[in-house]
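In the text below, chain A, chain B and the rest are named by the order of the sequence lines, each starting its count at 1. Because the structure is predicted, anything quoted here is derived from the model rather than measured.
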Amino acid sequence: MPVPLLSIRGLSKSYGAVHANRGIDLTVEKGSIHAILGENGAGKSTLMKLIYGVESPDAGQVSWQGKPVRPTSPAEARKLGIGMVFQHFSLFETLTVVENISLIVPGRTAALVTRIRDLGREYGLEVDPRAHVHSLSVGERQRVEIIRCLMTDPDLLILDEPTSVLPQQSVARLFDTLRRLRDRGVSILFISHKLEEIRAICDHATILRDGAVTGTVDPRDHDATDLATMMIGRDMPALPPATAHKPGKVALELAGLDHTPDDPFGQPLSKVALRLHQGEVLGIAGVSGNGQAELARLISGEVTLPDHRAAEVLMLGQAAGDLGAAARRALGFAFVPEERLGRGAVPEMSLADNTLLTAHRAGLVRRGMIDRAREAQFTATCIRDFDVRTPGPRTEAGALSGGNLQKFIVGREIMLAPRLLFVSQPTWGVDIGAATAIRRRLVAMRDAGAAVLIISEEIEELFEICDRVQVLNAGRLSPSMKVRDIRVEDVGRHMIGAAEGGAA
Amino acid sequence: MNLAGYRLARRDKASRKLAVVAPVVALLLSIALNFALYMAMGKNPVAVFQAMLIEPVISWPAFSEVLLKMTPLLLIAQGLAAGFRAKVINIGAEGQFILGAIFASAVPVWFPQISGLWVWPLMIVLGGIGGMLWAVVPAIWRVRLNASEILVTLMMSLIAAQLLNFLLVGPWKDPMGFNFPQSVIFPLDATLPLILPGTRVNVALAIALIWSVACWVYLQRSFQGYQLMVGGLAPQAAGYAGYSQSRAVWMSLLIGGLAAGLAGASEVAGPVGQLQRSIASGYGYSAIIVAYLGGLHPVGIVFSSLLIAILYIGGDNAMVSAGLPVAAVRVFQGSLLVCYLAAITLVRYRVIREPKGIRA
């Protein structure tokens, strides 16, 4: 048997109490396209950082072409012959393509231009070397990043979620490039959670869950449902909630919303339609980066629609598309964003001052002046009722652990007694005890008649607390499914965009 | 950041004690630095500091001059601090100050015989309006065109200086003034009443102190002041809560412009007594130092404006008695700000030592 290009045994890495990688084994052959598959937070990025020398492992062994190595910086990894293209590009927009490349690759400009053209022809990566980066499309920028890696003649190319930023037609072209590279002996580590793509191009797949390898397979021999089960986990959630509620009035309705975000890396939304009633929990499943952040901002009012499209968002009986965040809150809407520090709370301010952020409308401000006594009272109640572990209301929000801060923010929003509560990633990074407490609170809100909308990556969580789920994938929202009637796999298929393809 | 095995780590909580100690440490540190500088220049540092820091505060006549200098600094810095908290960086207070002076001067220039007790309050009000109007331009540009208010306010200051020149060599020149670029000398009722007998300290000091209280209430107690602070500390959180960014820009620039305009008016109607070129002596820029040195806190700014005023008066003393060049005072101000910015870092960060041998 030939010596594998890269061989990893028992690689582990912890960040504090979080075991990001636990005893990972991985073997990459020469001339192979090898998928690393896993949900967000499964440890894919950590593993790549360990291989590329961005982080150093706590334990384990990395062998490169049979010899043990321990790269301590990306520069060392590049010297070995490892190149990496990150999900977010590191190009200077005001410079031209060749100027960007010459920052890393030595050589005269004219010679670089020739090499860029040659590589472009050879691998289908055509791009004008003299063009300014800001004028290039996302696909072209990715080509520049790949060319930059190829300039150093790597034996292994790591691509972190390369298709997540690409429109569909560019994906086929990228795959063509990757196959050509493989045919010339370059190995590729392809990080993704899109099962159909992996089945289309990869010959090996290593599946990660919770920082550990749960399977090493040839993806061409398995269907998407199999892969999804390995990726998501076998343990099916407990019983769906016993709901006998008659749905009440419509609290939120999106009728076929199209939206292109200002951010060029944002995910455009296409024909997003949902309807949520009072006394109901609707979950939006799917892997982050498929439009979750964009959808959240459109619902919260942090991004507004122009006047003539106001009716595309109906909130609590009113056309709200053109209303800002404050105006929507005035209708009886409350929101917990996925970023706690810097968005849901101001890290440098005390908990008491962070109460004021959205709870000012609960009588904490009188004639434009802050009522400190009421502010303190509200904060104390929130800390007590939601079991926020903190030295006191004067502690800065930035000093709280993620779970405690989340309890505080959820508590603050629930205490506003909203008729429509929207929570994005309610239990991300929250320990199990706190997560259970938060879920119970959300269900209690529903039982009290509020409409609750939840965006979450954790399917088990959605099955536990939602009445219905819809899946957001590549900016499209699936039809609504009653949780009682479906299994995790059904959601999984929508998550990976395989439901329409009939691959399962 | 990593320097020879040391790095900065964020504190869980900003230390309130250190926030008060930091400016004092900065002052001592800059005294030490300048001590060395004066030695190198061949001056007697003890004599210099005697003239610079001690003499202005030990005699009443000198201290009253300090209070006079402190007034415009206090007014402007309080106004700027509101904007700085919201990260709306108005560095054009100098221009707004000039416009305040021009607006206030319009009354005695156009009506040289004017009299009545209402004249000086009218001038003060007009001055405030003038300063605000000059700040409207950068506000519109920022809100409508997203143009950096830092650049626009600065450039508006240059325009203001030219406008002042134009008026003083042209339409507003005193016809009896031997062709000097200055306006008529203001009549008595167009100057501010003195409040401390035997000194030049006028009613503007009282206005500045009332203004400080108003700023304290606005920044520390009002919901709008809170919103400004949220916008400066965490713009995403302000967007999440639905606070209007354009209102923050407008309020910041208008408050800053109003304050600078008041200061400009009280300068021409106060110690100067006429409109002349030299009124633009850099109060608008020094007030930036004052605001930061005071920790952008209304109480801190009262102390920092006093300190910088002492340095102004003391610097003049030192030039006369110790033969110090005029630049030395600026150097002292500058080193004070640098030392403060270094010291303030330690309020939020602490230095920790990196363990050795972490690399394999």
Side-chain angles (χ1 to χ4, degrees), chain A residues 56-58 69-73 296-297 300-304 323-330 333 335-350 353-354 356-361 364-372 375 391 394-400 409 412-413 424, chain B residues 2 9-19 82 84-87 146 213-248 251 295-297 344-345 347-350 354-355 357-360:
Chain A
S56 33
D58 300 335
V69 291
R70 193 150 199 188
T72 54
S73 72
R297 283 178 187 273
S300 73
E302 285 160 275
V303 170
T304 53
L323 297 182
R328 292 190 198 192
R329 284 177 171 275
F333 168 75
F335 172 44
V336 178
E338 75 184 56
E339 300 92 349
R340 289 146 208 172
L341 282 178
R343 188 161 163 213
V346 184
E348 294 90 347
M349 283 186 170
S350 70
D353 280 349
N354 269 298
L356 205 57
L357 190 65
T358 59
H360 57 85
R361 58 184 73 250
L364 270 48
V365 172
R366 279 194 299 188
R367 284 200 221 100
M369 290 294 146
I370 300 165
D371 187 333
R372 294 285 177 198
E375 182 194 80
R394 291 278 136 217
T395 311
E396 285 181 20
L400 259 63
I409 296 172
R412 179 185 71 197
E413 299 301 307
S424 184
Chain B
N2 193 326
R10 199 171 184 278
R11 289 177 196 272
D12 283 348
K13 200 174 172 180
S15 159
R16 186 159 288 205
K17 196 174 75 187
L18 282 178
F84 292 166
R85 282 190 174 201
K87 298 257 160 68
N146 207 18
V213 174
C215 284
W216 182 85
V217 171
Y218 183 73
L219 289 178
Q220 306 295 125
R221 286 288 175 265
S222 85
F223 184 51
Q224 265 198 21
Y226 167 85
Q227 287 176 304
L228 286 182
M229 203 143 94
V230 171
L233 288 172
Q236 291 260 1
Y240 156 76
Y243 302 161
S244 157
Q245 167 67 14
S246 17
R247 190 173 70 181
M251 288 310 294
L296 303 184
H297 192 285
I344 204 75
T345 308
V347 175
R348 189 149 280 291
Y349 297 89
R350 60 203 168 84
E354 197 89 305
I358 202 167
R359 299 179 69 157

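- Smallest separation of non-hydrogen atoms from A/L357 and B/Y226: N-OH, 3.1 Å.
- A/R412 pairs by the side-chain hydrogen bond (donor to acceptor under 3.5 Å, both in side chains) definition with A/T358, B/Y240, not counting sequence neighbours.
- Of all heavy-atom pairs between A/G342 and B/A234, the closest is O-CB, 3.7 Å.
- Looking at A/D371, neither its backbone nor its side chain comes within 4.5 Å of chain B, counting heavy atoms on both sides.
- Both the backbone and the side chain of A/L356 come within less than 4.5 Å of a heavy atom in chain B.
- Taken to the nearest 0.5 Å, the CE atom of B/M229 stands 9.5 Å off from the CD atom of A/E348.
- Residue A/E375 does not touch chain B at all, counting heavy-atom pairs closer than 4.5 Å.
- Looking only at heavy-atom pairs under 4.5 Å with chain B, the residue among A/R297, A/M349, A/R343, A/E302 that has the most is A/R343.
- Heavy-atom distances place no part of A/R367 under 4.5 Å from chain B, backbone and side chain included.
- Of the two parts of B/Q227, neither the backbone nor the side chain holds a non-hydrogen atom closer than 4.5 Å to a non-hydrogen atom of chain A.
- Judged as a side-chain hydrogen bond (donor to acceptor under 3.5 Å, both in side chains), and not counting sequence neighbours, the contacts of B/Y218 are B/Q224.
- Between A/A326 and B/G242 the shortest heavy-atom distance is CB-O, 3.5 Å.
- Contact record, B/A241 with A/R329: O-CD, 4.3 Å, taken as the closest heavy-atom pair.
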